Amino acid sequence: MPERSNIFLHGFFLTLRCFPALIWAYIFNLGLALIFSIRLHAQFSSIMDHSLAAQRLTSGFDLSTLANTFLRLQDGPSGGNAGAFTSVPLYLLVYFFLVPGTLFCYQTKSPAHLSTLFHQGLLHFWRFFRITLLTILVSALILGPLVFIQGKWADQVDKHAVELHAFFATLVGYVIIFLVASILRLYFDLVEVYTVQLGLHLRHNGKPDRRVRRALAPAWRTLRAHFSQAWPVFLFLTILGASAVVLTARASMHMLAQPRVWPTFLLAQFGLFVLLFTRFWQRAAETSLALQNPTFTPSPLPILPVVGKVNPIDPLHPNHPVPAHQISLPGQPFDPIPNPEPASPSLDEPDPGVFHHNPAKSPQ
Amino acid sequence: MPRTRPLLVAALLLPLTAHAQTTPQPSIATNSPDGKPLSTRVVAYNIDAKLDTDKKTLDAIETLTYKNLTGHPLTSIPFHLYLNAFRPRSTFTKETHFTGGVLDPEDDKNYPSEKLGSITISHIEADGYGDLTSAMHFIAPDDNNAEDHTVTEITLPHPLAPNDAITFRFAFHDVFPLSVARNGYKRDFIMGGQWYPKPGVFWHGAWNCHQYHSSTEFFSDFATFRVSLTLPRRYVVGASGVPIGEVTNSDNTKTLSFYGEDIGDFAWAASPNFTITDGTYLSSLGPVKIHVLALAAHPKAGARYLNVMQKTLAQYDHRYGPYPYKIITVIDPEPDSEMGGMEYPTLFTGETSWYDPTYLTEQAAEHEFGHQYWYGMVATNEFEDAWLDEGINSYTEVKVMAAIFGQNTSVFGRSYANIGDTDLRRYDYFIEPDFDPVTRWAFKFRNFYSYGVITYGKSATLLTTLEGIIGRDTMDEALRTYFMRYRFTHPTTEDFLRTIEEVAIADGKAISTVPPPPTHGQHSTISDQSTATSFNEADASPALVFPSSPPLTSTGYPDYATTPATNSSLRSFFNQAVYGTQILDYSVDQVSSDPAQWWLPEPKDKKQVQYLSSVYLHRKGDFVLPVTAEIVFDDGTRLRERWDGLDRWTKFTYTRNAKILSVEIDPDHTILLDKDLFNNSYVTTPNNIPARKLSNIWLSFQQLLAQLSTWIV
């Protein structure tokens, strides 16, 4: 049986071991956002750089100036900030490549080079695409009714409670939806991990196993067997990431009035990085769990390491004590080669792994 | 609907007739200086109502005495029956479906039964006229919608002579809807607004009794009200006027009585969850009780309302005139109802929530209180001149909020971010600035949205701009004069504008002028007319001269037919800002400072270099307004230049031993009607911190959105 370890800590070390994967994800996240903010920044600059009215945003943060800026962006035939969100689908696409590669590196301990990540991403792209479609479908089937019930619950609450009481009562519904969603996410995360694991094994035809459906059952068994271990870790890391974003966003907000931008930038980036880190940590923890519960059980005839196992009484091995009967008496010299030489171990049948020459049998 | 038997009706009405009267009596509900009526009391109401809080219905007997002060014999009298608006085929519902409004859009196709409201008159009779029930018929003066039952007309068998009075007796039944707009119920909170038959106003020689529309409010004559309301004992009630009695009944109910005078409407609100917070403000006419009924779910609301009301009363008393009533009742309506932020005489509904870090709670209270002046006392026609109540009130709101909470922090004021009410109203205006003039009838706006941004946002912004032109003191004096002159009357737009002109002229802030008579068929363009401005500009200070620019007709020519007679130099501003839809937008187009002797090598001592500096200003909009530009040089010199704005652009040139540092149009920041304040200035040294701040926020937001989107993978 594989060695049992704490998935939280093991996941953490896995994340650190494959840190470049996280760094690449962050770079793409930031880089794409930067690229698609350039045009908007140019528009902001053309409106505000030479304007005294914009100074209300220098040593303060006047929300009306902010609002008027966005109003001005709509001016002209080429106005608006259409396309400013293009970085989101592009990052999503990149993420489709990065995740399989990262899971591959987690499982094989391969270095997380960008080429490796993208190579594995390409190999797994359609598998992960199918998993994502399945995730959306199952989530819609399960969360859809829950959202509907939540609406009814909110209506019911609205009839009997107001304000703070109503808020908390309604919040209960949202928390339940969140918890169910987190279980779904955890399950499909495990499906992805097992999908990568399956891909490491060759089928009888010599090709990697690309069948996503074969990952569903192992993921379910693992989730069911280790739910109390996996779910709290998943939830904790989710909340940790979200808290980091909320706290840094709040701190950034309180720095808005400063006539400097870099502290706000750094703080916001830190929060976003932590959010990404916790997500990769979740993936690593799930990988750890899957490694401890592999899809394929080990061979019944394991090939054991030779040293210290094959012949536990190997007298030549320095780590093994010499048998008592071989210990020389005081005054007698120690003979490392006993006389007579012990007989070679024999097998009941010829070892099929050893070539035996049979002249009577014609060569095939 | 229940129908009351005539004999029973007669028995019920008999004791009430003794109370119905129109004769003056010593002031009960007002701090009238001499005890005399403050208004011309056209109507006297006496209503005895019983509220069923379970069924959300009300049965009442109303005795109404109408005094014919019109100078004309009256053969019919129209009445508002506004609870009938909440029906599937009413004009109100139709308008909300097509042009938006306060009705929840999801209810459009299948009108929910709980949102049905109605008022049914089961019996009408009048002294000397007999039973008039059959003489009642619905009319739709605004759109001829036969399905709209919000106005009924009673044809009199014989005319009501001038100065005669007629006493009606109605038996009616109300069904309150689950709150749709302004009244109804939400949970166990019930708002009685527009809940009784109310006659129209005979105004400008005709009956003025509009249907209930999605975007309009109300118009009515001044009256006295004596209202008794019977309802379960556990309910707390706030109502217009002052409370005058409470009787506990044997059936676990109580009967509360209220009296109001010199008011045009009567509303009440009932809830078992009200907590009472009372205070007093000593106005220049006497003590005013501030009676706050806040929901228990809003534990901080009572103190907040009381605090802002005391400060607001002081501001209004000081700026515009005294509040003459003995009480102002603040109602905190149920959350998520459509009844927040609504004004009634001596009573209004606020709007708050259990968590409100802004001053929006205070803003709502201030605004609705302001309607006590602009609607309650200066009782303009909210159907036809909505800007005179909502617009002027939005203007006074931003002034009072700024005085109490700070100019740039009156909506939200934290160390890290802020926004002022003035800017918020201005922002509203520029979302949809040029579809409708502020003077358009409220239910004829392009849509509900345009009505909102123009009536509130543009009006507040144009009056703030006007204040910048004529000065704050003059503007305050004009508003005060307008209030004192027209309180307890029904003034019009021209009454208001002429008051401003009169005060501005008296203060030397505008000049009186007589325009050339319009020549019909004259095919002059707007710029031709501007060039031919007739008044003697030499007689006026440059700051007061406005080119004439009346609204244009559909063919593009000045529309003198609808333009009021020009009588001051402010009239051009009024024509464009009030009657017109022109957009004001000035910009600093180009700034340069180059060596005058550019062919010579640049000396080491830059101060010896003589620069030829030029500034180009551009009028981008079609609103013509004289503007000031301030030019700052790097030797510290500040120059102010005046431009009449008649042409599309102008140029200023300077030859100095200094370069231009900055140019700013409207350096005093008074012309808030300017669409784009960013292009009003140009600094030669760029400052990219504002752009970087916004870009950083956008960047982080995009990243977060991108990361969140990956949770589907």
Side-chain angles (χ1 to χ4, degrees), chain A residues 29-30 32-34 36-37 40-41 44-45 47-55 57-58 60-64 66-69 71-72 84-85 87-88 91-92 95-96 99 128 132 135-136 158-159 162-165 167 185 245 252-257 259 261 264-265 268-269 272 275-276, chain B residues 187 273 295 297-298 334-336 353-355 408 411-412 414-420 422-424 426-427 430-431 588 591 662 664 669 676-707 709-713:
Chain A
N29 183 231
L30 175 62
L32 287 169
L34 273 172
F36 287 96
S37 296
L40 192 66
H41 179 71
F44 284 147
S45 288
I47 293 171
M48 293 191 287
D49 280 4
H50 291 276
S51 172
L52 287 170
Q55 303 308 310
L57 287 177
T58 301
F61 200 78
D62 192 293
L63 294 168
S64 67
L66 171 74
N68 282 309
T69 306
L71 211 55
R72 293 284 70 79
F85 286 106
S87 77
V88 176
Y91 177 69
L92 187 62
Y95 196 75
F96 260 105
V99 170
F128 272 64
T132 302
T135 307
I136 294 170
D158 186 62
K159 288 177 184 167
V162 293
E163 299 297 44
L164 197 58
H165 294 104
F167 173 76
R185 185 63 265 169
V245 167
S252 299
M253 187 178 75
H254 281 80
M255 299 164 99
L256 280 175
V261 183
T264 318
F265 172 78
Q269 292 305 314
L272 290 163
L275 179 65
L276 201 59
Chain B
R187 303 181 193 92
N273 302 314
L295 293 175
H298 299 150
E334 276 288 306
D336 309 318
S353 64
W354 63 275
Y355 176 69
N408 296 321
V411 171
F412 185 73
R414 297 295 167 94
S415 59
Y416 54 88
N418 64 280
I419 185 168
T422 310
D423 292 321
L424 199 62
R426 180 181 171 278
Y427 175 76
F430 287 111
I431 293 173
V588 178
V591 177
S662 68
E664 185 175 21
H669 307 147
D676 186 353
L677 296 181
F678 293 113
N679 66 16
N680 277 20
S681 56
Y682 186 91
V683 285
T684 52
T685 307
N687 172 14
N688 59 8
I689 287 178
R692 280 161 54 195
K693 273 190 182 179
L694 300 193
S695 297
N696 180 40
I697 293 171
W698 186 253
L699 178 81
S700 306
F701 178 65
Q702 269 198 102
Q703 285 180 263
L704 179 63
L705 209 60
Q707 285 202 31
S709 72
T710 60
W711 279 73
I712 64 166
V713 180

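Chain letters run A, B, ... following the sequence lines, proteins first, then strands; residues in each count from 1. None of the values given here were measured: they were computed from a predicted structure. Note: hydrogens, waters and symmetry copies are ignored here, and every other heavy atom, side chains too, is used.
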side-chain contact (heavy atoms from CB on, under 4.5 Å) between N29(A) and Q707(B), intermediate numbers included = CA-CA 8 Å; N29(A) 183 231; Q707(B) 285 202 31; 3.2 Å; yes
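- In this structure, R187(B) contributes its side chain and D158(A) its backbone to a donor-acceptor pair below 3.5 Å.
- With a 4.5 angstrom heavy-atom cutoff, L71(A) touches chain B only via side-chain atoms.
- Looking at E163(A), its side chain never comes within 3.5 Å of a backbone N or O of A297(B) through a donor-acceptor pair.
- You'll find the side chain of S37(A) reaches within 4.5 Å of the side chain of W698(B), heavy atoms only.
- Between chain A and the residues V713(B), N696(B), V591(B), the most heavy-atom pairs under 4.5 angstrom are made by V713(B).
- Ranked by non-hydrogen atom pairs under 4.5 Å with chain B, the options L34(A), L164(A), T132(A) are led by L164(A).
- At most 12 heavy atoms of other shown residues, nucleotides or ligands fall within 6.0 angstrom of atom NE2 in H165(A).
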Start with the C-alpha gap between I689(B) and L57(A), add the side-chain angles, then the distance that decides, and say whether side-chain contact (heavy atoms from CB on, under 4.5 Å) holds.
-> CA-CA 8 Å; I689(B) 287 178; L57(A) 287 177; over 6 Å; no
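- F701(B) and F85(A) have perpendicular rings, their planes meeting at more than 60° on a 0 to 90° scale where under 30° would count as parallel.
- A donor-acceptor contact closer than 3.5 angstrom is absent between the side chains of N688(B) and D49(A).
- In this structure, the portion of T135(A) lying under 4.5 Å from any heavy atom of chain B is its side chain and not its backbone.
- Side chain of S64(A) to backbone of D423(B): no donor-acceptor contact under 3.5 angstrom is found.
- Looking at T69(A), the atoms closer than 4.5 Å to chain B (heavy atoms on both sides) sit in the backbone and in the side chain alike.
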